[in-house]
Each structure stands twice: as structure tokens, then as C-alpha cells.
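For reference, the structure is listed below as C-alpha cells.
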Amino acid sequence: MTDFKDCINKEITISGFAEKIRNLQWVQFIVLRNEGKRIQVTIEKSEEKNKEMVEIVDKLTCESTITVTGVIKENEKVKMGGMELIPTSIKVTSLSSCELPISIINKDAAQIDTRMDNRFIDLRNDVNFYIFKIQTEFIRAMRQFLYDNDFTEIHTPKLIGAASESGSEVFEVNYFGNKAYLAQSPQFYKQMAIAAGYEKVFEVAPAFRAENSNTNRHATEFTSLDIEFSNIDSYEDVIKMEENLLVAGLTAVKEKYGNLIKEIYGVDVVVPKLPFPRIKLQDLYKELNKRYGYEIPSHDIGDMNAETEKLTSRYAMEEYGHEFIFVTDFSKTKRPFYHMRKDDIPQGYDLIWKGVEITTGAQREHRYDVLEAQAKEKGLGDDIKFYKDFFKYGCPPHGGFGLGIDRLTMLLLNLPSLKETMFLFRGPNRITP
Ligand code: AMO
């Protein structure tokens with residue numbers, strides 16, 4: 001919908017939802033909503049030329065869709081931007097049932113599950129509606145950054161013959177009587193693109209995880225922005241690429257939606273300073289212990305858990321005044337076989353934002369013999385032979401990362417969970433609508 005200020009005294013045609021209808025003795029008002037914007041439509045009942053429209057509005061129900069032609073007039077008495085639309089024609093394009101299953105104005109009046117059942121109505125609420133307008137800008141700007149840096153976009157299969165990365169956490173599907181799986185990540189295929197000679201590739205696509213975890217940050221299907229590029233010296237190059245990518249995304253979001261995000265979600269969008277802080281896992285453990293008395297549970301040593309991530313962001317904020325922090329030097333027992341190791345330390349990182357991991361990245365092991373030894377050590381056998389073959393006939397040093405888009409949006413807007421953030425959430429107990 002256009003900005004109405006540019007349309008004053010002009011005739012326009014607008015289609016949208018009749019959000020509110022007030023039928024008074026002398027006048028009818030409709031609040032017309034289109035793409036999160038609103039205009040008041042005012043119909044004087046006494047005017048003969050309005051007779052037909054008055055009859056239409058008499059029968060109109062809230063959330064019906066209408067197309068209105070008329071002139072935008074300034075009227076300081078109108079709360080909605082001091083403007084109103086004086087119609088010459090109103091067409092009803094679809095009549096809504098009177099009783100809505102959930103409230104649009106007050107989204108929190110219904111339980112989250114009821115809201116998800118009725119997501120097409122739930123999304124009409126501004127807080128929900130704008131999520132995807134803002135996310136679009138975030139992804140658009142990041143894509144633009146990648147195009148500007150000569151990345152090639154690839155589309156890798158999500159139906160795969162061997163469980164990728166590791167044997168766990170994949171959904172099995174019946175593929176004409178044989179077993180197939182839903183890809184948990186494009187990891188192997190983005191590396192294949194490097195072996196094929198593409199210097200820089202990316203993909204934005206669904207990833208599937210058969211994790212039976214009901215947390216605010218896990219979905220069984222989510223969207224991943226995956227990147228892989230070659231001729232790097234170390235994972236530090238990967239970190240730098242991710243820093244610049246996020247700065248590009250957040251700069252664009254702040255510019256286009258900063259004020260709206262503050263108004264609707266109460267969040268200040270911060271464009272992070274470069275470089276983001278980095279810390280080695282062992283040093284992080286020491287800091288968290290010293291500052292907050294936190295001791296990592298023995299089964300998580302060498303890795304992070306939800307509590308560690310939360311405290312890590314607290315530390316980053318207190319020490320550096322930064323929302324982001326890279327954690328490096330994880331234990332090789334906790335990292336995948338394809339991470340390159342130096343002195344037995346995986347050459348990769350996790351990126352934490354506002355207390356949640358948003359990325360895993362690394363330099364990859366591209367030397368065939370070493371890769372094979374690391375795969376063996378993790379008990380991986382013949383089903384990844386096709387992957388190991390990528391490294392047999394020349395493959396440059398390379399690295400990359402996977403960035404969870406849904407988590408990114410959740411954190412950007414301070415939403416409480418992926419259930420609120422995703423267009424349609426998929427979890428262990430949710431596979432509809
Ligand atoms: P990882 O498994 O850490 O790494 O996933 C990368 C990022 O994807 C997001 N993510 C999820 N988001 C929602 N629900 C989930 N269940 C979920 N699981 C992961 C997170 C996470 O940081 N192949 C590597 C990436 C790489 O090295 O390039 C990988 O998949 O934001």
C-alpha cells in the first residue's frame with residue numbers, strides 16, 4: 001500500500017481487510033488494513049450518492065476483504081494519521097464469517113497452540129505480520145552482500161541417500177521401497193561445489209533435524225543460510241566473512257525498519273562493531289566460573305549448552321559491550337569429522353548472539369587421507385564414500401558456516417520462541433497446518 005500522505009486529494013483504489021466497522025446513525029467508518037498499514041474509510045449516510053455503499057457496509061463483517069475507490073482527504077479529527085478515504089465505490093471481494101477463531105488485536109488472548117492452528121489469522125496481527133517483512137529485508141541484504149562478493153547460489157537436494165554428517169538426527173523416508181533421508185544440512189553438497197571449482201557458494205534452504213527437543217530454539221524443520229568458500233588461510237577468514245555479512249544485514253534492517261522494530265517490538269537494532277569479540281572455550285569456562293560461579297557439567301565439557309550460551313552473551317556484553325561473540329577451540333570429540341584440526345583442535349567456531357548459538361562454522365579438512373582418518377575415528381564408513389571422493393581429485397582449502405535464519409529473526413525481534421517466529425513452526429508435536 002502506498003504512503004497515503006503522497007495521495008492527498010488524489011483518487012486511489014485500495015484493497016484490504018475491513019479490520020473495524022462502526023455503523024453509527026449518520027456515518028459509517030471502516031478501518032481498512034493492507035500490509036500492516038491502515039486508513040479510515042468514511043461514508044456519510046445522508047448523501048444520496050452513498051446509498052448503495054451504505055447498504056454494502058450495513059452487511060459487511062469484520063475481516064471481510066474489500067476494494068475501495070475514493071479520494072484521500074486530510075482531516076485532523078481522524079486519529080489514524082489525520083487522513084481519511086472518502087469512497088466513491090466499495091466492492092466486497094470476500095465476506096468473512098462473523099466469529100473469528102482468535103483475536104487479531106490481542107494475539108496473547110489465545111494459547112500459542114490455538115494461534116498456530118489458526119496461523120493465517122494470527123499473522124494478521126501486526127507483531128506477527130511484520131516478522132516476515134523484516135526478515136525479508138534481512139535476507140535480501142545478506143543475499144545482496146553475497147551477490148556483490150561473487151557468490152554463486154546453489155540448490156542442493158533435500159532427499160538424500162545417506163544420512164549426512166552423522167548417523168543421528170535425520171528423518172527417514174520411504175523412497176520407492178528403499179531408505180532415504182531428509183538432509184540435516186547441505187554440508188556435503190556445498191563442499192562438493194568447492195571441489196567442482198566454484199570459489200564461493202551459498203544456499204538458503206530448509207534443513208531437517210529429527211531432534212525430539214521442545215525448547216524455544218529448536219524446530220524439526222528450519223531455514224539455513226549456508227555458505228562455503230575456498231582459498232582461505234584459516235577459519236579466521238570464515239569469521240570475517242560472517243561478520244561482514246551480518247553487518248550488511250543488520251545495517252539494512254536498521255535503516256528500513258529500525259523505528260518500526262523499536263515501536264512494535266521495543267528493540268533497538270544494533271549494527272555490531274567490527275571485529276566481534278572472540279574467546280577460546282577453555283578461557284570462556286574460566287571467565288564464567290570467575291564471574292558467575294558457573295561450572296560446566298562434566299558431560300558438556302569441550303562444548304557449550306544453553307546455560308553456557310546465555311552466560312557467554314552476558315560476558316560479551318559486560319566485557320566488550322557487544323551483542324555477538326565467537327567461541328573457538330571446541331573439543332574434537334564434540335565437533336564433526338570434517339572440521340580441520342590443528343594441534344588436535346578443531347579449526348572452527350560457534351557464534352553466539354543474545355544468548356543463543358546462531359552459527360557453526362569452520363575450516364574444512366580437505367586433505368583426503370586426514371579426512372578419511374577423522375571419519376574413521378567417528379565411526380563413519382562406506383555411506384560417506386561419495387563425500388570423501390570429492391577430495392580425491394584436487395580440492396582447494398575451504399571453509400564455511402551455517403546460519404539459522406529463524407533463530408536470527410527470533411533474536412533480532414526478541415521473540416520468545418521459534419513458534420512465534422516461524423511462518424509455520426514444525427516441532428515434535430506440530431506438523432500441521
Ligand atoms: P549446526 O548443526 O550447528 O551446523 O547448524 C547451523 C545453525 O543452524 C541452526 N539450527 C537450528 N535452528 C532451528 N532448529 C534447529 N533444530 C536447529 N539446528 C540448527 C542454528 C545453528 O547454529 N553443517 C553445519 C554448518 C557448517 O559448518 O557450515 C551445521 O549444520 O542457528
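Residue numbers start at 1 and run along the sequence shown. In listed order, ligands and their atoms are each counted from 1. Only this structure's heavy atoms are used, side chains among them; waters, hydrogens and symmetry mates stay out.
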(message) We want to know whether Glu318 and Tyr292 form a side-chain donor-acceptor pair, criterion being a heavy-atom distance below 3.5 angstrom.
(response)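 On atom types as modelled, these side chains qualify, holding a pair under 3.5 Å.
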(request) Give the single entry among Arg209, Glu228, Gln187 that approaches atom 26 (C) of ligand 1 most closely by any heavy atom. (result) Gln187
Counting each atom of ligand 1 from 1 as listed, which ones have a heavy atom of [X] under 4.0 Å away?
| X | value |
| --- | --- |
| Glu357 | 3 (O), 21 (C), 22 (O), 31 (O) |
| Phe401 | 26 (C), 28 (O) |
| Arg217 | 13 (C), 14 (N) |
| Arg364 | 26 (C), 27 (O), 28 (O) |
| Glu211 | 16 (N) |
| Gly404 | 7 (C), 8 (O), 9 (C), 31 (O) |
| Leu418 | 13 (C) |
| Lys190 | 26 (C), 28 (O) |

(request) For ligand 1, note which part of Tyr338 has a heavy atom under 4.0 Å away: side chain, backbone, both or neither. (result) side chain
(request) Could you tell me whether Thr359 approaches ligand 1 through its side chain, its backbone, both or neither, with non-hydrogen atoms closer than 4.0 Å? (result)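 Answer for Thr359: backbone.
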(request) Please step through ring pair (Phe, Tyr, Trp, His ring centres under 6.0 Å) for the pair Tyr387 and Phe390, ending with a clear verdict. (result) CA-CA 6 Å; Tyr387 168 71; Phe390 300 158; 5.8 Å; yes
(message) For the residue pair Arg430 and Phe425, would you count it as a cation-pi contact if the rule is NZ or CZ under 6.0 angstrom from the ring centre and within 45 degrees of the ring axis?
(response)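 Because its charged atom misses either the 6.0 Å distance or the 45° angle limit, Arg430 does not stack over Phe425.
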Evaluate [X] for polar contact with ligand 1, using N/O atom pairs at a separation under 3.5 Å.
| X | answer |
| --- | --- |
| His218 | no |
| Gly361 | no |
| Ile358 | yes |

(message) If we ignore hydrogens and angles and just use 3.5 Å, is the side chain of Asn289 paired with the main-chain N or O of Tyr294 as donor and acceptor?
(response)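 Present.
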(message) Among Tyr320, Phe324, Trp353, which residue satisfies the ring pair (Phe, Tyr, Trp, His ring centres under 6.0 Å) criterion with Phe276?
(response)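 Of Tyr320, Phe324, Trp353, ring pair (Phe, Tyr, Trp, His ring centres under 6.0 Å) with Phe276 is met by Phe324 alone.
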